Trainee: 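Dropping a structure here in structure tokens format, bear with me for questions.
Just the heavy atoms: all of them, side chains too, but no hydrogens, waters or symmetry mates, feed the values below. From a predicted model like this one, the values you see are computed outputs, not experimental measurements.
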Amino acid sequence: MKQLVNKLKGDRVIWSFVALLALFSFMPVFSASSNLAYIGHGTGNTLGYLVKHLAHVCIGFLIIYWVHKVPYHYFRAISKIALPVVWLLLLYTLLKGTVIAGANASRWIQVPFIGITFQTSTLAASVLFIYVARYLSKTKEENEPFQTSFVQLWVPVFITLALILPANFSTTALIFAMVMMLTFIGKYPLKYIAFIIGSGIAMLAFFLLVAKAFPESRFFSRVSTWESRIMNFTTDKPDEDDYQIEKAKIAIASGRLGGLGPGKSVQKNFLPQSSSDFIYAIVVEEYGLVGGVSILVLYLLLLFRFVIASHKANTLFGKLVVVGLGFPMIFQAMINMAVAVELLPVTGQTLPLISSGGSSIWMTCFSLGIIISVTKKDEEIAEEQEEKERRKEALQRLIDKELAEEDLPVDEREEIYEEEAMYSIQDNSRNPMNAVLNK
């Protein structure tokens with residue numbers, strides 16, 4: 001175990017927080033999966049879901065380990081190549097995607113020969129953030145006109161968002177907000193940012209108008225769901241989402257200060273998404289206010305560590321990558337918690353590293369691997385500098401020794417050379433062992 005830990009490079013504090021969140025996730029997932037177990041095979045045995053979650057987490061940590069070994073600046077070029085591939089995956093998901101858990105949206109694709117479903121929007125978000133960080137770091141010293149930046153930066157952003165929007169409004173809004181934050185931190189002109197925000201709102205309004213004109217189209221099937229969720233959030237009209245919120249609030253109220261205890265949740269049997277979207281309510285019910293606040297503090301400490309990692313990064317690209325990949329995780333966690341306590345409408349955002357789900361965990365771990373690779377760069381530079389200093393000192397000692405010998409009288413120098421020759425293992429005889437035997 002010690003040897004494995006020593007092989008882990010990068011920010012050890014980030015490693016620790018990620019490990020704590022992942023370890024904590026097993027008990028809530030094991031407990032909250034009972035509803036799925038009863039619906040799936042009627043036995044209520046959640047051991048299979050626990051093993052599945054364990055496999056997802058283990059694969060996720062392998063992803064972190066493999067990715068953090070790659071120098072992060074490699075992803076600068078990869079993002080430009082990967083973005084068109086992501087567009088094809090999003091288009092395929094939109095047209096031929098898989099529907100899970102009765103949702104009326106195609107957000108997943110089935111991986112051939114494996115049978116694993118993968119949510120392509122999570123991959124698209126990570127690739128897009130890296131692409132935006134690449135562009136902002138490339139054009140920092142160049143005053144490109146807005147027309148050029150619109151084509152190179154905003155057209156790819158809007159294409160990606162347009163392919164995600166029909167199936168997932170909350171993810172589209174989160175990605176757009178994070179891109180705006182990233183451009184603001186990257187010192188993109190504020191007047192251009194304001195124009196882009198206005199353009200984004202106008203495009204969304206146009207999308208809604210087209211959806212009203214063609215309500216029967218499968219591409220606009222989610223619009224009615226968005227409207228109902230917003231209306232139910234602002235009114236007391238009961239529906240399925242209101243049912244989930246009420247059960248989540250009952251679970252939170254039942255937890256009080258210390259909680260009912262691990263595995264003793266009652267509302268997990270009534271919440272349809274108790275192991276994913278509403279797992280925070282189950283955490284508070286079983287571990288009380290103490291457990292809920294502890295999870296919140298862990299995410300805030302992770303955010304604080306991301307800020308430190310961004311500040312310490314040696315390049316602008318590294319700083320923007322940490323912000324672009326790290327901050328969305330924390331905002332997603334805050335949105336999940338806010339939905340559970342009815343501060344926001346139901347969005348379908350999972351709790352990173354805690355909710356069950358393969359693609360969500362894996363893409364979170366992919367982003368964490370890149371962030372840790374940025375922090376690892378500082379350590380490598382320090383180690384290389386230290387190694388360079390040691391070599392310089394060793395070379396200086398050899399030079400000093402040579403100079404000192406040159407200052408000696410000729411007879412003393414000859415004695416030194418003769419003494420060194422006595423310990424030579426060069427073979428000057430027919431017997432190859434003589435050099436060692438004579439020594």
Trainee: Begin with the C-alpha distance, continue with both residues' side-chain angles, and end with the deciding distance and a verdict on side-chain contact (heavy atoms from CB on, under 4.5 Å) for T347 and Q332.
Mentor: CA-CA 10 Å; T347 60; Q332 181 180 336; over 6 Å; no
Trainee: Rounded at 0.5 Å granularity, tell me how far CG in L204 sits from CZ in F176.
Mentor: 9.5 Å
Trainee: Taking all non-hydrogen atoms of both residues, which atom of F61 and which atom of A22 are closest, and how far apart?
Mentor: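 Closest pair (atom of F61, atom of A22, distance): CE1-CB, 3.6 Å.
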Trainee: Taking the side chain as everything from C-beta on, heavy atoms only, tell me whether L300 gets closer than 4.5 Å to F304.
Mentor: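 SC-SC contact between L300 and F304 ruled out.
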Trainee: Does any N or O in the side chain of Y131 come within less than 3.5 Å of the main-chain N or O of A82, such that one atom is a donor and the other an acceptor?
Mentor: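 No; zero donor-acceptor contacts below 3.5 Å.
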Trainee: Give the C-alpha distance, both sets of side-chain angles, the deciding distance and a yes or no for side chain to side chain donor-acceptor pair (under 3.5 Å) between Y74 and S373.
Mentor: CA-CA 11 Å; Y74 285 7; S373 179; over 6 Å; no
Trainee: Do L351 and Y299 have side-chain heavy atoms sitting under 4.5 Å apart?
Mentor: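 They are in side-chain contact.
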Trainee: Verify, without hydrogens or angle tests, whether K319 (side chain) and N314 (backbone) share a donor-acceptor contact under 3.5 angstrom.
Mentor: no
Trainee: How close do S355 and I361 get, counting heavy atoms only, and between which atoms?
Mentor: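 Smallest interatomic distance, heavy atoms only, reads O-CD1, 3.7 Å.
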Trainee: Given 3.5 Å as the limit, does a donor-acceptor pair link the side chain of Y49 with the main chain of V29, or not?
Mentor: no
Trainee: Considering non-hydrogen atoms only, spot the tightest contact between S265 and I282 and give its length.
Mentor: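 Scanning both residues completely, I find the closest heavy atoms to be OG-CD1, 3.7 Å.
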Trainee: In chain order, what residues pass the side-chain contact (heavy atoms from CB on, under 4.5 Å) check against I175, with sequence neighbours excluded?
Mentor: A125, L128, F129, L161, I164, T171, V179
Trainee: One thing to verify: whether E393 and R390 come together as a salt bridge, which I'm taking to mean a side-chain N less than 4.0 angstrom from a carboxylate O.
Mentor: no
Trainee: Return the set of residues passing side-chain hydrogen bond (donor to acceptor under 3.5 Å, both in side chains) with W362 (not counting sequence neighbours), or none when no residue passes.
Mentor: none
Trainee: Give a yes or no on whether the backbone of V266 and the side-chain of E285 come within a donor-acceptor separation of less than 3.5 Å.
Mentor: yes
Trainee: Ignoring hydrogens and geometry, is there a side-chain-to-backbone donor-acceptor pair from K187 to L136 under 3.5 Å?
Mentor: no
Trainee: Would you mind reporting whether W87 and I159 have side-chain heavy atoms less than 4.5 Å apart?
Mentor: yes
Trainee: Could you tell me whether the side chain of L182 reaches within less than 4.5 Å of the side chain of F327, counting heavy atoms only?
Mentor: no
Trainee: List in chain and number order the residues that pass side-chain contact (heavy atoms from CB on, under 4.5 Å) with L88, two or more places apart in sequence or in another chain; answer none if no residue qualifies.
Mentor: none
Trainee: Less than 4.5 Å apart, any side-chain heavy atom of K312 and any of D11?
Mentor: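 When only atoms from C-beta onward are counted, D11 and K312 do not touch, as no gap falls below 4.5 Å.
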Trainee: Does any non-hydrogen side-chain atom of F30 lie less than 4.5 Å from one of P262?
Mentor: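 Not touching, per the 4.5 Å side-chain cut-off.
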Trainee: Working to the nearest 0.5 Å, report the span between NZ of K138 and CG of L153.
Mentor: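 Taking NZ in K138 and CG in L153, the distance rounds to 9.5 Å.
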Trainee: Are any side-chain N or O atoms of E286 and backbone N or O atoms of G259, one a donor and one an acceptor, separated by less than 3.5 Å?
Mentor: no
Trainee: Specify the closest pair of heavy atoms between F207 and P166, including all atoms of both residues, with the distance to one decimal.
Mentor: CZ-CA, 4.1 Å
Trainee: So, the side chain of D277 versus the backbone of N336: is there a donor-acceptor pair under 3.5 Å, distance only?
Mentor: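 Checking the backbone N and O of N336 against the side chain of D277, no donor-acceptor pair under 3.5 Å is found.
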Trainee: Just to verify, what does S310 make a side-chain hydrogen bond (donor to acceptor under 3.5 Å, both in side chains) with, not counting sequence neighbours?
Mentor: none
Trainee: Does either side chain, that of S359 or that of T122, offer a donor lying less than 3.5 Å from an acceptor on the other one?
Mentor: no
Trainee: Just wondering, are more than 12 heavy atoms of other shown residues or ligands nearer than 6.0 Å to CZ in F26?
Mentor: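 Atom CZ in F26 is packed in, count exceeds 12.
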Trainee: Which of these, S25, S275, S356, sits in a side-chain hydrogen bond (donor to acceptor under 3.5 Å, both in side chains) with H53?
Mentor: S25
Trainee: With distance as the sole criterion, is a donor-acceptor pair present between the side chains of S254 and Q267 under 3.5 Å?
Mentor: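 No pair is found: no donor N or O on one side chain lies under 3.5 Å from an acceptor on the other.
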Trainee: Working to the nearest 0.5 angstrom, can you tell me the gap between L94 CG and N168 CG?
Mentor: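 The CG atom of L94 sits 11.5 Å away from the CG atom of N168.
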Trainee: Mind checking side-chain hydrogen bond (donor to acceptor under 3.5 Å, both in side chains) for S149 and listing every partner two or more places apart, or none if nothing turns up?
Mentor: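 S149: side-chain hydrogen bond (donor to acceptor under 3.5 Å, both in side chains) contacts with Y188.
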Trainee: Test ring-ring contact (aromatic ring centres under 6.0 Å, His included) on F24 and Y287; report intermediate values, then the result.
Mentor: CA-CA 11 Å; F24 178 80; Y287 300 92; 5.3 Å; yes
Trainee: Report yes if the side chains of V374 and I371 come closer than 4.5 Å at any heavy-atom pair, otherwise no.
Mentor: no
Trainee: Should the pair R305 and F17 be classed as cation-pi, given the thresholds of under 6.0 Å to the six-membered ring centre and 45° from the axis?
Mentor: no
Trainee: Under the side-chain hydrogen bond (donor to acceptor under 3.5 Å, both in side chains) test, which residues partner S126, sequence neighbours left out?
Mentor: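 By the side-chain hydrogen bond (donor to acceptor under 3.5 Å, both in side chains) rule, S126 matches S367.
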Trainee: When H68 is tested against each of W15, F366, F75 for ring-ring contact (aromatic ring centres under 6.0 Å, His included), which residue passes?
Mentor: W15
Trainee: Rounded to the nearest 0.5 Å, what's the gap from CG on L320 to OG1 on T315? Could you check?
Mentor: 8.5 Å
Trainee: How far apart are the closest heavy atoms of V67 and G369, and which atoms are they?
Mentor: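 Nearest heavy atoms, V67 then G369: CG1-C, 3.6 Å.
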Trainee: In Å, rounded to the nearest 0.5 Å, how long is the span from CG of L165 to OG1 of T172?
Mentor: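 So the gap between those two atoms works out to 4.5 Å.
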Trainee: Taking C-beta and beyond as the side chain, do V339 and F278 meet within less than 4.5 Å on heavy atoms?
Mentor: yes
Trainee: For V132 and M178: C-alpha separation, side-chain torsions, deciding distance, then whether side-chain contact (heavy atoms from CB on, under 4.5 Å) applies.
Mentor: CA-CA 10 Å; V132 173; M178 292 298 100; over 6 Å; no
Trainee: Given the rule in the side-chain contact (heavy atoms from CB on, under 4.5 Å) test, do V290 and L257 qualify, once you have shown the distances and angles that lead to the verdict?
Mentor: CA-CA 6 Å; V290 175; L257 183 62; 4.1 Å; yes
Trainee: For the atom pair OG (S79) and CD1 (I370), what is the distance rounded to the nearest 0.5 Å?
Mentor: 9.5 Å
Trainee: May I ask you to check whether over 12 heavy atoms, not counting those of F146, lie within 6.0 Å of atom CZ?
Mentor: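 Counting other residues, nucleotides and ligands, CZ of F146 exceeds 12 neighbours.
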Trainee: One pair to check against side chain to side chain donor-acceptor pair (under 3.5 Å): S360 and T350. What are the steps and the verdict?
Mentor: CA-CA 8 Å; S360 174; T350 58; 3.1 Å; yes
Trainee: Is there a donor-acceptor pair closer than 3.5 Å between any side-chain N or O of T93 and the backbone N or O of L89?
Mentor: yes
Trainee: Any chance you could lay out the side-chain contact (heavy atoms from CB on, under 4.5 Å) test for T375 and F306, step after step, and finish with the verdict?
Mentor: CA-CA 10 Å; T375 63; F306 288 155; over 6 Å; no
